[in-house]
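Below is one structure; the comments refer to it alone.
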Number of protein chains: 2
Amino acid sequence: MKIGELAARSGLTAHTLRYYERIGLLPYADRNRSSHRDYDASILTWIGFLTRLKTTGMPIREMVRYAALRNDGPATETERREMLERHRARVRAHVDELQESLLVLDAKISGYAGADERMQAHDTEPSLRRKPAGARTTGAR
Amino acid sequence: MKIGELAARSGLTAHTLRYYERIGLLPYADRNRSSHRDYDASILTWIGFLTRLKTTGMPIREMVRYAALRNDGPATETERREMLERHRARVRAHVDELQESLLVLDAKISGYAGADERMQAHDTEPSLRRKPAGARTTGAR
DNA sequence: GCTTGACTTCGAGCGCGCTCGAACCCCTAG
DNA sequence: CTAGGGGTTCGAGCGCGCTCGAAGTCAAGC
């Protein structure tokens with residue numbers, strides 16, 4: 001597979017793929033006689049995993065470190081596992097933080113007037129929200 | 001309150017606070033006769049909210065837009081609410097994505113050999129994980 | 001034989017969100 | 001009177017993660 005196809009299949013651009021090779025995220029690709037990169041389909045699995053790491057906010061230099069360890073073979077497995085465990089902990093913490101923020105956002109949104117009508121129209125998730133905060137029937141405003 | 005104190009209390013640096021004022025995230029602060037900024041404590045609430053938006057990944061230019069609307073008074077409430085609703089949807093989607101990625105991470109981690117011993121030592125969260133996949137009582141190791 | 005277009009390397013540039021330093025001003029305490 | 005420790009404005013610089021363009025090579029199709 002040439003770089004254009006890999007780009008299409010991986011969702012990255014050819015520029016980015018070359019950049020990733022340059023910095024060590026992707027292994028140096030075999031070149032054909034025209035020095036065009038020739039990829040094996042298995043690279044897609046690795047790129048998929050890298051994309052997960054990226055999605056979850058791992059900095060590139062850490063991904064590079066992980067890639068280097070991977071390249072050094074089974075002896076580095078413990079270290080790799082530990083990296084992923086640390087990363088997982090960070091991601092979990094981040095998720096918690098986001099969920100807390102979602103509550104704040106919910107509160108703020110329901111604090112805006114005129115919400116009710118549009119709630120009917122836009123709200124895709126009617127549960128758990130209509131909590132009229134006591135007997136204060138919003139007579140006047 | 002002067003900028004140094006606000007910095008200490010808000011967790012931002014004085015440099016950042018000035019930067020935020022410059023770009024319109026923070027209202028132009030009153031100056032005392034020495035042209036030092038003099039903040040009211042209420043600004044902390046606003047900064048807190050901005051920090052939430054930042055935490056949840058809202059780009060600064062959007063926060064600036066929100067701040068500008070806020071500054072234009074109650075007439076913009078609908079638009080502000082809509083912004084927050086859109087943002088909330090993005091955040092929710094992102095949380096989902098992270099949770100999916102956590103599963104991948106879990107799988108990858110448990111794929112590494114030698115996990116068991118260290119699990120005992122490092123795992124802070126014993127629930128839900130030790131799923132010994134059948135009756136395999138870990139006799140040997 | 002020539003055009004087209006996908007590839008190559010290399011280095012510069014960009015958008016984001018700060019971060020920092022220079023040069024200056026003012027207030028207070030010793 | 002002086003030293004120190006705030007504060008001010010202004011503009012440049014930085015780290016990140018790409019993104020892009022220039023200039024060249026090569027293979028295939030007309």
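In what follows, every chain begins at residue 1, and chains take the letters A, B, ... in the order their sequences are listed.
- Across G57(B) and H87(B), no two heavy atoms sit closer than the pair C-CE1, 4.2 Å.
- Counting to the nearest Å, the P atom of dC26(D) and the CG atom of D38(A) are 17 Å from each other.
- Residues from residues 11-35 of chain B placing a heavy atom under 4.0 Å of any atom in DNA chain D, listed by number, are R18(B), R22(B), R31(B), S35(B).
- In this structure, Y39(B) atom OH and dG6(D) atom P are separated by 17 Å, rounded to whole Å.
- Here dC16(D) presents its P atom at 12 Å from CE of M63(A), a figure rounded to the nearest Å.
- Rounded to an integer number of Å, the gap from L50(B) CG to dG17(C) P is 13 Å.
- The distance between atom NE2 of H36(A) and atom C1' of dG24(D), rounded to the nearest whole Å, is 11 Å.
- Between M58(B) atom CE and dC18(C) atom P the separation is 14 Å, expressed in whole Å.
- A distance-only check finds a donor-acceptor pair linking the side chain of S10(A) to the backbone of L6(A) [under 3.5 Å].
- Distance, R61(A) CZ to dC18(D) P: 13 Å, rounded to whole Å.
- An OP1 or OP2 oxygen of dT8(C) is reached within less than 4.0 angstrom by no side-chain nitrogen or oxygen of K2(A).
- Of the candidate nucleotides dC7(C), dC18(C), dT8(D), dC18(C) has the atom lying nearest to any side-chain atom of I60(B).
- A donor-acceptor contact under 3.5 angstrom links the side chains of T13(B) and T16(B), judged on distance only.
- For the pair R37(A) and dT8(C), the criterion of a side-chain N or O lying under 4.0 Å from OP1 or OP2 is met.
- At most 12 heavy atoms of other shown residues, nucleotides or ligands fall within 6.0 angstrom of atom CG in D30(A).
- Using cut-offs of 30° and 60° for the angle between ring planes, the F49(A) and Y66(A) rings count as tilted.
- In terms of heavy atoms, E21(A) sits closest to R37(A) at OE1-NE, 3.0 Å.
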